[in-house]
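Input: a single structure, listed below in structure tokens.
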Amino acid sequence: MRQLWHRAFGGGFTQDDADHAFGGVHVLVRVGDRLVGHASAVPRLIRFGDQPWRSAGYVEAVATDPEHQGAGVGTSAMERLHDEIAARWGVALLSTGRATGFYELLGWKRWLGLSYTETQAGVVLDGEHGGLMVFSRDPSALPDRTMTVTCQDRPGDAW
Ligand SMILES: CC(C)(COP(=O)(O)OP(=O)(O)OC[C@H]1O[C@@H](n2cnc3c(N)ncnc32)[C@H](O)[C@@H]1OP(=O)(O)O)[C@@H](O)C(=O)NCCC(=O)NCCS
């Protein structure tokens, strides 16, 4: 998986990014005996507006080997991951810098409200959140996307 992430993210994938990918469910796509695709979802506590904290799936480390991109590997990994998300959490979130269009094709929606992180120093506004997205297979379970949303801090990128 580390080799795949390194190849797909061009070396910009940190140890924290790798750590974030573990603790939930992984989808692996293989061609022959070669790993060409990965996506995982991990449980995180998330707060929508001023509602109680709730568990949501958080998607991490989605990658297709560059030699296999554009052939549906990422789509099949995410569709399989959607099954696992639906069975566990109902609602999932992710943050992406450059793949918003890829996730929109899969039914993900951009988060429209402000996003925050709960840290030891208090709740802080997150500055860079064009890329926060939300997914639910059940439209009635989708939170109001104009609300604020808060995650809990962790090493590396909080979101
Ligand atoms: C993003 C990524 C996982 C997509 O994997 P993939 O196997 O190439 O995706 P698919 O072949 O299933 O593509 C499905 C559709 O998404 C589109 N798409 C793929 N990457 C895209 C991107 N970065 N932005 C917008 N659209 C994208 C494809 O053009 C395709 O559209 P089409 O069906 O109209 O032809 C892959 O490009 C990758 O590993 N990128 C580098 C790592 C990365 O950015 N991961 C996401 C981090 S949040």
Side-chain angles (χ1 to χ4, degrees), residues 1-48 55-117 125-137 139 142-143 145 148-159:
M1 285 194 283
R2 280 177 193 280
Q3 285 174 13
L4 170 64
W5 292 329
H6 184 76
R7 286 168 60 79
F9 287 93
F13 197 81
T14 66
Q15 181 62 48
D16 287 326
D17 295 332
D19 291 344
H20 293 166
F22 293 92
V25 56
H26 297 264
V27 173
L28 305 177
V29 182
R30 290 192 180 87
V31 172
D33 60 1
R34 183 163 175 194
L35 180 66
V36 299
H38 174 271
S40 63
V42 300
R44 294 193 72 187
L45 286 175
I46 300 290
R47 187 174 195 196
F48 296 109
S55 182
Y58 201 76
V59 171
E60 298 281 4
V62 178
T64 299
D65 187 294
E67 285 180 17
H68 293 265
Q69 287 179 9
V73 169
T75 298
S76 63
M78 286 300 299
E79 286 176 345
R80 184 70 181 82
L81 193 65
H82 288 171
D83 295 339
E84 302 300 325
I85 287 167
R88 286 169 173 77
W89 300 288
V91 173
L93 294 156
L94 63 77
S95 176
T96 180
R98 46 190 174 170
T100 308
F102 167 69
Y103 293 112
E104 280 179 335
L105 288 169
L106 288 157
W108 287 73
K109 307 277 187 202
R110 290 172 198 242
W111 193 262
L112 303 174
L114 294 173
S115 55
Y116 293 84
T117 302
L125 180 63
D126 210 74
E128 46 176 88
H129 264 153
L132 187 61
M133 303 186 80
V134 63
F135 175 84
S136 177
R137 217 173 238 175
L142 206 60
R145 289 183 290 131
T148 62
V149 62
T150 309
C151 72
Q152 298 187 336
D153 205 8
R154 61 182 183 177
D157 292 333
W159 280 107

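Each ligand, and each atom within it, is numbered from 1 in the order the structure gives. Owing to the predicted nature of the structure, the values given are computational and were not obtained by experimental measurement.
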- Query: Within the distance-only criterion (no hydrogens, no angle test), does the side chain of Arg154 pair as donor or acceptor with the backbone N or O of Asp157 below 3.5 angstrom?
  - Reply: yes
- Message: With the threshold set strictly below 4.0 angstrom, can you tell me whether any protein non-hydrogen atom sits that near atom 23 (N) of ligand 1?
- Response: yes
- Query: Counting from 1, what ligand 1 atoms have a heavy atom of Ala71 closer than 4.0 Å?
  - Reply: 11 (O)
- Look at the side chain of Thr150 and the backbone N and O of Tyr116, then say whether any donor-acceptor pair between them is shorter than 3.5 Å. no
- Verify, without hydrogens or angle tests, whether His38 (side chain) and Val29 (backbone) share a donor-acceptor contact under 3.5 angstrom. no
- Query: Where is the nearest protein heavy atom to atom 5 (O) of ligand 1: which residue, which atom, and how far?
  - Reply: Thr64 OG1, 3.1 Å
- Query: Are the aromatic rings of Phe135 and Trp89 close, with centres under 6.0 Å apart?
  - Reply: no
- Quick check: does any side chain N or O of Ser40 sit under 3.5 Å from a backbone N or O of Ala21, one acting as donor and the other as acceptor? yes
- Under-4.0 Å heavy-atom contact between protein and atom 28 (C) of ligand 1: no
- Item | Nearest atoms (heavy-atom pairs only) where Cys151 meets Ile46 | CB-CD1, 3.9 Å
- Starting from atom 25 (C) of ligand 1, locate the nearest protein heavy atom and write down its residue, its atom name and how far away it is, to 0.1 Å. Phe102 N, 3.4 Å
- Note on the structure: Within 4.0 Å of some non-hydrogen atom of Ala8, the atoms of ligand 1 are 39 (O), 41 (C), 42 (C)
- Among protein heavy atoms, which sits nearest to atom 38 (C) of ligand 1, and what does the distance come to when rounded to 0.1 Å? Gln69 NE2, 3.4 Å
- Does Lys109 pair with Glu104 as a salt bridge, N-O distance under 4.0 Å? no
- State, to 0.1 Å, how close Val62 and Ala39 come at their nearest heavy-atom pair, and which atoms those are. CG2-CB, 4.0 Å
- Kindly give the heavy-atom pair with the smallest separation between Glu79 and Leu106, and that separation in Å. CG-CD2, 4.1 Å
- How does Tyr103 reach ligand 1, by side chain, by backbone, by both or by neither, if only non-hydrogen atoms under 4.0 Å count? side chain
- Query: How about atom 45 (N) of ligand 1: does it have a protein heavy atom within less than 4.0 Å?
  - Reply: yes
- Is it the case that Asp19 and Gln15 place a side-chain donor and acceptor less than 3.5 Å from each other? yes
- Looking only at distance, does Ser95 have an N or O less than 3.5 Å from an N or O of ligand 1? no
- Query: Just which atoms of ligand 1 are under 4.0 Å from any heavy atom in Gly72?
  - Reply: 10 (P), 11 (O), 12 (O)
- Which ligand 1 atoms does Thr75 reach within 4.0 Å, using its non-hydrogen atoms? 10 (P), 12 (O), 13 (O), 14 (C)
- Is Gly70 close to ligand 1, meaning an N/O of one under 3.5 Å from an N/O of the other? yes
- Message: Within the 4.0 Å heavy-atom shell around Ala63, which atoms of ligand 1 are there?
- Response: 39 (O)
- Task: Please identify which atoms of ligand 1 are closer than 4.0 Å to at least one heavy atom of Leu105.
- Result: 15 (C), 16 (O), 17 (C), 31 (O)
- If you have a sec, work out which protein heavy atom is nearest atom 43 (C) of ligand 1 and how many Å separate them, to one decimal? Phe9 CE2, 3.6 Å
